[in-house]
Amino acid sequence: MRVSSLYVHIPFCASKCYYCDFNSYVSTSDVMDRYLDGLDREMELVAAAYDHEPLQTVFFGGGTPTMFDARQTERMMQMLHRHFPLREGVEISVEANPGTVDPDKLSVLKDHGANRLSFGVQSFENDLLVKLGRLHDRDAVYRSWELARQAGFNSINLDLMFGLPGQTLEALDRTLRALIDLGPEHVSSYSLKVEEGTPFYTWHNRGQLILPPEEEETQMYQMVIDGFRGAGYEMYEISNFAKPGHRSRHNQVYWRNEPYMAVGSGAHGYVGGLRYINQKNVPEYIETTVQGGRPVVEQEVIDERMQQEDTMILGLRLMEGVSFARFRDKHGVAMQDVFGDILLRFEKLGLLQVDAAGVRLTQQGIFLANEVYAAFLE
Ligand code: SF4
């Protein structure tokens with residue numbers, strides 16, 4: 001399969017949220033300019049390195065791509081168009097944070113073909129936003145939302161988190177209602193994970209971070225599912241909800257285990273059965289790329305067995321699951337011949353539903369998805 005998707009990592013944020021272990025840094029405008037110099041060179045090399053089709057999906061993620069000012073945003077979009085042909089109808093998504101967009105930036109994005117925005121809202125409760133170390137408040141969400149709509153963005157995702165310190169079911173309910181009232185075309189909703197190396201990790205180990213108990217977190221997930229389904233969203237992935245016609249095409253490339261190129265510091269690409277990882281350190285990334293080198297620090301051949309496992313683990317995130325036909329097309333063998341015993345075991349446990357077309361998580365399986373995924377790893 002020829003690659004037709006591109007991920008672009010922009011590793012800058014206005015400050016560091018307390019729970020965040022993403023590859024993102026607080027930096028100066030001067031460093032951002034130098035980063036764009038490097039990104040330009042890397043895009044040129046990556047476009048030449050792979051036998052790609054005109055792009056069908058592009059995702060600018062971070063970090064916060066909207067940390068760039070309008071001039072830098074224009075450079076970022078121009079380099080995409082200069083180095084890669086784009087298919088008509090290409091999906092170009094840009095991650096943003098409330099409070100980091102203005103009319104100039106948004107119109108630059110729109111004029112250069114961006115057609116999907118994703119805002120890291122996380123909650124509508126100001127006290128919870130403060131606890132997370134987020135810089136925005138509820139009013140900033142509404143202001144940024146208005147600006148995005150005025151700029152003509154009619155496909156907007158809002159990220160939502162639950163299982164937050166001190167969050168009650170009532171607080172989540174208020175956030176769900178506020179979010180549904182706004183009416184985004186897409187919602188991604190994740191429970192908080194305490195990751196090593198973050199302030200939350202330290203506070204959690206010291207007993208200073210009190211999280212909702214596990215049963216309450218499960219209840220919260222059920223509330224999220226019921227809330228969005230009840231409001232007419234399709235739950236098409238275990239954490240993602242979309243109005244008709246607004247599924248994230250780029251993320252479906254990942255979940256279907258299809259190839260994608262990636263550029264930017266710390267970015268991971270997967271092309272031709274090879275996974276590569278870029279230099280994470282921003283100064284080193286800039287130094288390598290401006291001198292005309294690829295910043296790849298790690299490459300891994302994904303052998304056939306690992307590819308089959310990935311197809312199952314990633315594909316089962318989708319509510320449609322993995323079809324037998326797609327598995328055979330992709331891997332040249334029947335899914336039952338490779339994973340027959342696992343399918344049978346989890347079908348008996350009521351966590352997988354297997355029919356003539358393929359396999360998918362049951363409603364019960366959605367809540368125990370990690371146990372199911374683990375079984376596919378050799
Ligand atoms: S805005 Fe996102 S990427 Fe940036 S620090 Fe916060 S969680 Fe991390």
Side-chain angles (χ1 to χ4, degrees), residues 9-28 32 59-69 93-102 105-106 117-149 153 156-182 184 186-204 208-212 217 220-221 223-224 227 239-241 266:
H9 192 74
I10 309 298
F12 304 114
C13 282
S15 71
K16 196 78 182 164
C17 303
Y18 303 146
Y19 59 89
C20 177
D21 74 333
F22 299 140
N23 177 29
S24 70
Y25 312 89
V26 177
S27 211
T28 63
M32 293 184 204
F59 196 102
F60 290 93
T64 311
T66 47
M67 283 304 293
F68 288 147
D69 61 25
S93 303
V94 181
E95 280 189 332
N97 274 315
T100 64
V101 293
D102 60 37
K105 252 184 251 186
L106 289 168
L117 284 181
S118 176
F119 283 106
V121 168
Q122 317 311 356
S123 174
F124 278 80
E125 302 281 309
N126 286 342
D127 60 329
L128 290 178
L129 291 168
V130 169
K131 282 186 188 165
L132 292 174
R134 305 285 308 187
L135 285 187
H136 71 268
D137 61 10
R138 179 190 173 104
D139 288 347
V141 174
Y142 288 117
R143 283 197 301 275
S144 294
W145 171 268
E146 273 309 309
L147 291 174
R149 284 297 202 222
F153 284 93
I156 301 181
N157 169 67
L158 300 185
D159 285 341
L160 169 75
M161 289 173 80
F162 59 91
L164 305 178
Q167 188 178 35
T168 59
L169 295 174
E170 292 71 31
L172 176 62
D173 185 54
R174 283 195 295 273
T175 278
L176 286 175
R177 279 190 279 121
L179 204 141
I180 289 166
D181 277 352
L182 216 45
H186 191 283
V187 182
S188 295
S189 181
Y190 295 91
S191 65
L192 173 74
K193 295 275 170 290
V194 177
E195 304 285 358
E196 212 173 326
T198 62
F200 266 18
Y201 187 79
T202 310
W203 300 337
H204 194 244
Q208 295 167 333
L209 188 77
I210 311 300
L211 299 173
E217 195 187 306
M220 288 181 174
Y221 184 32
M223 274 173 73
V224 166
S239 301
N240 283 274
F241 304 83

Give the minimum heavy-atom separation between M67 and F12, together with the two atoms involved.
CG-O, 3.4 Å
Should N97 and L135 be marked as a side chain to side chain contact (heavy atoms under 4.5 Å, CB included) after you check the CA-CA gap, both sets of side-chain angles, and the distance that decides it?
CA-CA 9 Å; N97 274 315; L135 285 187; over 6 Å; no
Between S93 and E95, is a side chain to side chain contact (heavy atoms under 4.5 Å, CB included) present by the stated rule, with each step listed?
CA-CA 7 Å; S93 303; E95 280 189 332; over 6 Å; no
Please verify the inter-ring angle class for W203 with Y18; under 30° counts as parallel, over 60° as perpendicular, anything in between as tilted.
perpendicular
Flag yes if more than 12 heavy atoms outside Y190 fall under 6.0 Å of its OH atom; otherwise flag no.
yes
Are the side chains of S191 and Y221 in contact, using a 4.5 Å heavy-atom criterion?
no
Could you verify whether a donor N or O on one side chain and an acceptor N or O on the other, from N23 and Y25, lie under 3.5 Å apart?
yes
Is the shortest side-chain heavy-atom distance between L192 and P165 below 4.5 Å?
yes
Gap separating the CG atom of L182 from the CZ atom of R149, nearest 0.5 angstrom:
8.0 Å
Please test Y19 against M161 for side chain to side chain contact (heavy atoms under 4.5 Å, CB included), starting from the C-alpha separation and ending with a verdict.
CA-CA 11 Å; Y19 59 89; M161 289 173 80; 3.8 Å; yes
Nearest 0.5 Å please: distance from the CD1 atom of I156 over to the CH2 atom of W145.
4.5 Å
Close side-chain approach of F22 and C17, heavy atoms under 4.5 Å
no
Measure from the side-chain N and O atoms of S144 to the backbone N and O of A140, and report whether any donor-acceptor pair falls under 3.5 Å.
yes
Considering only heavy atoms from C-beta outward, does the side chain of S24 approach that of T64 to under 4.5 Å?
no
Does the side chain of L117 reach to within under 4.5 Å of the side chain of L106, using non-hydrogen atoms?
yes
Looking at every heavy atom in both L211 and G163, which two are closest together, and how far apart are they?
CD2-O, 3.8 Å
Mind checking whether Y201 and E195 have side chains closer than 4.5 Å, heavy atoms only?
no
Closest approach of L164 and S123, non-hydrogen atoms and distance?
CD1-CB, 4.4 Å
Drop me the distance from R174's CZ to Q167's CD, to the nearest 0.5 angstrom.
9.5 Å
Roughly how far, to the nearest 0.5 Å, is the CZ atom of R134 from the SG atom of C20?
8.5 Å
Do you know the tightest heavy-atom contact between S188 and N157?
N-OD1, 3.2 Å
Could you give me the CA-CA distance, side-chain angles and deciding distance for E125 and T175, then say whether side chain to side chain contact (heavy atoms under 4.5 Å, CB included) is met?
CA-CA 7 Å; E125 302 281 309; T175 278; 3.8 Å; yes
Minimum-distance pair of heavy atoms, taken over all atoms of V26 and S15:
CG2-CA, 3.5 Å
So does D173 pair up with R177, basic N to acidic O under 4.0 Å?
yes
OG (S189) and CG (N240) are apart, to the nearest 0.5 Å, by 9.0 Å
Taking side chain as C-beta onward, heavy atoms only, is M32 less than 4.5 Å from F68?
yes
Point-to-point distance, once rounded to the nearest 0.5 Å, from CG of D139 to CZ of F124:
10.5 Å
Under a 4.5 Å cut-off applied to non-hydrogen side-chain atoms, are V224 and L172 in contact?
yes
Heavy-atom donor-acceptor pair, N126 side chain to R138 backbone, under 3.5 Å:
yes
If you compare all heavy atoms of H136 against all heavy atoms of V141, which two are closest, and at what distance to 0.1 Å?
CD2-CG2, 3.7 Å
